[in-house]
Amino acid sequence: MEKKVRVRYAPSPTGFLHIGGARSALFNYLFAKKYNGDIIFRVEDTDIERNVEGGEQSQYNDLRWLGIIPDESPYEPKEYGPYRQMERLDIYRKYAQKLVDEGHAYYCYCTSEELEMRKEEQLNNGVRATKYDRKCLNLSKEQEEAYIKEGRKPCIRIKLKDHQKLEFNDLVRGPVSFTSDDLGGDFVIMKSNGIPTYNFAVVVDDHLMNITHVLRGEEHLSNTPKQLAIYQMLGWDAPTFGHMTIIINKNGKKLSKRDNNILQFMSQYRELGYLPEAIVNYILLLGWTPETNQEIFSMEEAKKEFDPSRLSTSPSMFDQQKMNWTNGQYINKLTDEEYLEFIRPQMGKVMDLSKYDDQTLLEIANLYKEEITYGAEIIEPLNSILNPKEVTDENDLAMLNLDSTPIAFEAFVKELESIEEVTPETIKQAFKNVASSTGVKGKNLFMPIRLKLTGVSHGIELVNIIKILGKEEVVNRLKK
Ligand code: GLU
């Protein structure tokens, strides 16, 4: 029987979920679901100094927000737990000791200062690829005891074989081959503080958690031979690896978390009013190409269509505009109810929502539905009406200060006060009445009102401006 597919998304809680992480998680999730498998959320928290408060929880929440629901995690544990590496230290210790006992690893008592000094010497002697000089490889019992007496705390290093071929067939890039000589010498698997290194913990966990496929970023490609060496020493079969290409920005540079032109974190997307379905859709096409030229995919479609052999082998360019376009497509497809629920928090950032009923809010929101590409884009136009600029343009000032303006304002205010409901019809009628009672009409009537209300001579229909401001506020502004 074929083994059940099991994959993992294994973030280090050193930050919040960003585009690259979300993409890894998504591809793993789709891979698992395509083959009726499971996805595990594992927390690689061994770099204790770099862990950030709330990193794990927010990554987990953001994944769920995107619709990437782990089958196992610290929050839904099954028999493969614990799922946080810092809760598995005994397990790593056991396997590290096994490697020592079997002669595949050894205790090393060198201090970092000593290592640094000897590295310096190697460099001075013209060695370019410096590596650990195996000073501790064959220590006698007495030497070890002496070191321990000195108070030295050992780490454990793997004892690499010489010229060992370390090869695998990468899901994305095909056959990849390294040798043990490329690995920079006997690397540390357990640090002197009893915490495993990434390369060791990941092997132990992937094996014990029955992981069948490891899909991860290209930056881990050089770790894979190290992991393969450990698999071989422990006598375990390695999973199938696939390394996804990097994400680059418009200038062809690897996406950096410091790149300010690009929104990096899912929390930013959520805050600004992006729809998780749209993000998933965009990220799906960031490194994966469907067979047809279909551009819009639901998660369900993606699960069916996802084919790892179509993961791209060249870097994928993150295009914020395309992302926004995709999001706009999804906003447009929302029903009235969904749209209102989605946009309400954004509107709440500029207007006092308690002053409006849902119908009015929806009417206002709908004015912008087609043009916004993310929720927060509604803030600026609303704000320009709610908190208008002073009129400074000379022509506008002349228009605003026509002799007829005070009479027109006064008449319009009276009309407004008698209107029950602001609709295109009632407002049109009000203007007609003002025109016939005062003789002020056309541009001389509309433009001063618009300028007085919004500070500018262009924009959405007056009736909608009145809706946004509310009758009372319009009256106040015109009376001022
Ligand atoms: N914790 C690693 C990272 O965040 C996971 C690497 C892996 O998938 O093996 O990059």
Side-chain angles (χ1 to χ4, degrees), residues 5-32 37-52 54-60 62-63 68 70 72-74 80 82-89 92 166 168 170-173 176 178 183 187 189 191 195-231 234 236 238-247 254-257 264-266 283 287 308 311:
V5 165
R6 286 173 59 82
V7 301
R8 80 300 194 280
Y9 173 61
S12 303
T14 52
F16 304 105
L17 186 63
H18 59 93
I19 298 162
R23 186 181 71 160
S24 286
L26 176 66
F27 288 174
N28 275 289
Y29 176 72
L30 295 175
F31 187 85
D38 289 338
I39 178 169
I40 287 89
F41 176 80
R42 183 174 72 218
V43 183
E44 304 205 325
D45 54 355
T46 55
D47 199 349
I48 37 183
E49 262 121 56
R50 290 185 55 228
N51 291 343
V52 301
E56 170 192 317
Q57 185 70 47
S58 79
Q59 292 228 18
Y60 177 79
D62 285 347
L63 282 185
I68 299 170
E72 293 168 33
S73 79
Y80 296 96
Y83 296 87
R84 291 187 191 97
Q85 290 187 327
M86 288 303 283
E87 293 169 14
R88 301 171 62 80
L89 295 183
Y92 309 124
L166 296 163
F168 60 101
D170 192 283
L171 268 179
V172 180
R173 44 191 76 219
V176 180
F178 291 88
L183 304 184
F187 56 89
I189 57 171
K191 292 183 272 187
I195 297 178
T197 57
Y198 157 72
N199 279 310
F200 185 57
V202 86
V203 167
V204 172
D205 289 349
D206 285 342
H207 174 74
L208 295 181
M209 293 181 181
N210 268 343
I211 298 300
T212 57
H213 297 79
V214 170
L215 271 180
R216 61 185 169 201
E218 187 179 81
E219 66 275 18
H220 287 291
L221 190 63
S222 60
N223 286 321
T224 303
K226 293 185 178 174
Q227 295 173 17
L228 284 175
I230 301 173
Y231 276 107
L234 285 167
W236 295 340
T240 302
F241 294 98
H243 292 87
M244 295 172 280
T245 55
I246 54 167
I247 305 176
K254 184 170 190 279
L255 213 61
S256 137
K257 287 180 196 162
Q264 299 278 348
F265 295 100
M266 290 306 121
I283 287 179
L311 282 169

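Owing to the predicted nature of the structure, the values given are computational and were not obtained by experimental measurement. One-based numbering, in listed order, for ligands and for the atoms of each.
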So if I count the atoms of ligand 1 from 1 in the order they appear, which ones are less than 4.0 Å from some heavy atom of Y198? 6 (C), 7 (C), 9 (O)
Any N or O on A10 sitting closer than 3.5 Å to an N or O of ligand 1? yes
So if I count the atoms of ligand 1 from 1 in the order they appear, which ones are less than 4.0 Å from some heavy atom of E44? 1 (N), 2 (C), 5 (C)
Identify the closest protein heavy atom to atom 3 (C) of ligand 1: which residue and atom is it, and at what distance? H220 NE2, 3.7 Å
Using a distance-only test with no angle check, is there a side-chain donor-acceptor pair under 3.5 angstrom linking D47 and Y198? no
Give the numbers and elements of all ligand 1 atoms closer than 4.0 Å to a heavy atom of V202. 9 (O)
Assert yes or no for the condition that the ring centre distance of F31 to H213 is strictly below 6.0 Å. yes
Can you spot which of K254, R23, E218 makes a side-chain contact (heavy atoms from CB on, under 4.5 Å) with I247? R23
R8 contact mode with ligand 1 (heavy-atom cut-off under 4.0 Å): side chain
For ligand 1, which atoms sit closer than 4.0 Å to a heavy atom of S12? 1 (N), 4 (O)
H220/V202 under side-chain contact (heavy atoms from CB on, under 4.5 Å): CA gap, chis, key distance, verdict: CA-CA 12 Å; H220 287 291; V202 86; over 6 Å; no
Is the ring centre of Y29 less than 6.0 Å from the ring centre of Y9? no
Please could you name the atoms of ligand 1 that R216 approaches to less than 4.0 Å, counting only its heavy atoms? 7 (C), 8 (O), 9 (O)
Row check, Y80 ring normal vs R6 NZ/CZ: under 6.0 Å, within 45°: yes
